[in-house]
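Below is one structure; the comments refer to it alone.
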Amino acid sequence: MMLKMLLSWNWRSRQGSVFIAAALLLLLVGFLCSRFDYQYRMMNNIPDHGNVISAANDPSKGRRPGDPPILAYWIFGFRGESKRMLRLLKAVYHPRNQYLLQLLDGDEERMELAVAVESQHVFRAFGNVNVVGKSYAVAESGASALSAMLHAAALLLRISPLWDWFFTLSSSDYPLFTQDDILFALTSLPRDLNFVGFTNRTIDKKGQHNFNRIVVDPSLYSKQATPLYYAVETREVPTTFDIFEGSPWMVLSRAFMEHCIKGWDNLPRKLLMYYANVVSPLESYFHTVLCNSPEFRNTIVNQDLRCSLPINVSNYDNLVNKWAIFARPFKEGDPTLDELDRRILYRPPQGLVRGKWCNYGGHNSSCSNSNTWDDIDSLDPGFYGKKLQNILSKFTAKDHHMVTNHCHGSSS
């Protein structure tokens, strides 16, 4: 069976404290890749260097300069959201990319999601959609959320280490462009760019309160999501590194994710120790690692590529000008999703968004069960894809100074 049910190991402990929480995050980063490699190969009975994508359809084989990038999507949701995750998958699917679906609770529903993915002929043919086979507790404002994101990136690196950017999508996200448009717009960009929205340069005295407080996230070592524990004691804000904050939604380069996970520098691990006891670490951890790492400080684009406000499809031109590739959050059954499918993505009901790779039979035909596909390295961007490419094209090496000022100086 082409679909791989990726089983995460039981790295949780029954007893916890501030130090155990931090140590668990360090163990996750330090041992995740090697331990997952063994379990992944043993479970799927493949050799050490086996590929999830078949060689005939693997876009990483013989990559040439100017080829479109390969994107790695982590799509996650909670109990009752599997259908929304599947709809999102179909809206962002392209054979070049890698997809990891993770339902964070609900064992029976997770199996239904895996069966639904396996039932799609195109997913089996290209073998680039995987479902995480085990759940674990995640508190959205705790260190367990940061742990889950690092875990997902590590799994994607182990599945296929040649992707270019890591996208995090929840079940409430939805694309504003087709994948042909997005891949075309990103093709001309340096592959080391990191799209991260900042809210400040460094924290001010008012913002220090959240970092002075000590919290413990029991979800790091329990089976059920548990509210955070707030300690009575406080701590001083560190002076060995500057703290930065921003959006928890981001698009990160493969090189940076390898830096955070494989940890050839001690900084990501040191910051994990600190952020294990911080509220909402996803709003600060990656921002802080980027700005305190000289090799990545000049790769930052101060945009998270999201629109987090209600959108009007009739005013689509303004959405493009706001640098947004995805919009959020959408509630289940939001009619705007149907409008996006019909007017922007041209996605048929229950079908996939069309692209140059599957361009037969008109907009109403389905790519899901076709046996005929075009070259997956070829793109057919529309008017708005070309417009997006023009907007993003300013992020070349000489223009980095426009966005990296957030990593210099302190707030007054």
Side-chain angles (χ1 to χ4, degrees), residues 1-5 53 57 71 73-103 106 108-132 167 169-183 311 313 316 325-374 376 379-380 382 384-385:
M1 187 171 71
M2 290 296 295
L3 176 69
K4 306 297 187 295
M5 290 289 290
I53 306 178
N57 296 319
L71 310 181
Y73 283 98
W74 175 43
I75 300 175
F76 70 90
F78 294 88
R79 186 186 301 272
E81 297 179 345
S82 61
K83 292 182 179 179
R84 298 172 65 188
M85 292 170 60
L86 188 61
R87 177 175 183 167
L88 175 58
L89 169 65
K90 292 179 178 180
V92 299
Y93 183 78
H94 192 283
R96 288 190 62 79
N97 300 332
Q98 286 292 328
Y99 300 87
L100 183 68
L101 276 60
Q102 185 168 10
L103 193 65
E108 183 176 345
E109 187 180 359
R110 186 179 306 103
M111 183 57 65
E112 293 174 356
L113 176 63
V115 171
V117 170
E118 175 68 8
S119 68
Q120 298 288 320
H121 174 64
V122 65
F123 298 159
R124 296 196 308 271
F126 288 100
N128 60 339
V129 180
N130 292 273
V131 177
V132 178
F167 283 73
L169 297 177
S170 75
S171 60
S172 61
D173 294 316
Y174 214 68
L176 300 175
F177 295 87
T178 68
Q179 284 300 293
D180 271 22
D181 285 344
I182 294 174
L183 290 169
I311 69 169
V313 177
Y316 185 70
I325 293 179
F326 291 90
R328 70 175 321 278
F330 292 102
K331 295 182 179 180
E332 185 173 8
D334 191 325
T336 306
L337 298 178
D338 295 330
E339 278 195 82
L340 286 170
D341 280 345
R342 184 174 61 255
R343 299 175 58 178
I344 305 300
L345 304 177
Y346 301 109
R347 189 181 78 88
Q350 308 303 319
L352 304 179
V353 176
R354 307 192 67 78
K356 184 66 179 295
W357 66 278
C358 178
N359 200 23
Y360 302 97
H363 290 314
N364 293 323
S365 61
S366 174
C367 298
S368 303
N369 297 307
S370 173
N371 288 308
T372 304
W373 295 291
D374 208 334
I376 65 174
L379 303 175
D380 184 22
Y384 287 107

Stepwise side chain to side chain contact (heavy atoms under 4.5 Å, CB included) check, Y73 with L89: CA-CA 9 Å; Y73 283 98; L89 169 65; over 6 Å; no
Flag side-chain contact, heavy atom, 4.5 Å: L88 against Y174: yes
Which atom pair, heavy atoms only, marks the closest approach of A91 to V353? O-CG2, 3.4 Å
Testing the basics here: between Y93 and N128, what is the closest heavy-atom pair and its distance to 0.1 Å? OH-OD1, 2.7 Å
Is any side-chain heavy atom of Q179 less than 4.5 Å from a side-chain heavy atom of L71? yes
Atom pair CG (L345) and NZ (K90), whose distance is rounded to the nearest 0.5 Å: 14.0 Å
Would you check if I75 and V92 make a side-chain contact, meaning some heavy-atom pair closer than 4.5 Å? yes
Contact between W357 and L352 at the side-chain level, heavy atoms closer than 4.5 Å - yes or no? yes
Could you tell me the separation between the CG atom of L337 and the CD atom of E332, rounded to the nearest 0.5 Å? 10.0 Å
Measure the shortest side-chain to side-chain distance between H121 and R124 over non-hydrogen atoms and say whether it is less than 4.5 angstrom. yes
With a 4.5 Å cut-off on side-chain heavy atoms, are L340 and I311 touching? yes
Are N97 and L183 packed together at the side-chain level, in the sense that at least one heavy-atom pair is separated by less than 4.5 angstrom? yes
To the nearest 0.5 Å, atom CZ of R96 lies from atom CG of L379 at 7.5 Å
Thinking salt bridges, do D380 and K356 make one under a 4.0 Å N-O criterion? no
Do NZ/NE/NH1/NH2 and the carboxylate oxygens of R87 and D338 come within less than 4.0 Å? yes
Between T178 and D180, is any side-chain donor less than 3.5 angstrom from a side-chain acceptor? no
Closest contact, heavy atoms only, S170 versus S172: OG-OG, 2.9 Å
Give a yes or no on whether the backbone of F78 and the side-chain of E109 come within a donor-acceptor separation of less than 3.5 Å. no
Can you tell me how far CD of E339 sits from OH of Y316, rounded to the nearest 0.5 angstrom? 13.0 Å
Write down the atom of W74, the atom of Q102, and the distance for their closest heavy-atom approach. NE1-OE1, 3.0 Å
Any donor-acceptor pair under 3.5 Å from R110 side chain to L103 backbone: yes
Closest non-hydrogen contact found for D181 with G382 is OD1-N, 2.8 Å
So Y99 and V117, do their side chains get closer than 4.5 Å, heavy atoms only? no
Measure the CG-CD1 distance between L176 and I344 for me, rounded to the nearest 0.5 Å. 8.5 Å
What's the spacing between E118 CD and M111 CE if we round to 0.5 Å? 11.5 Å
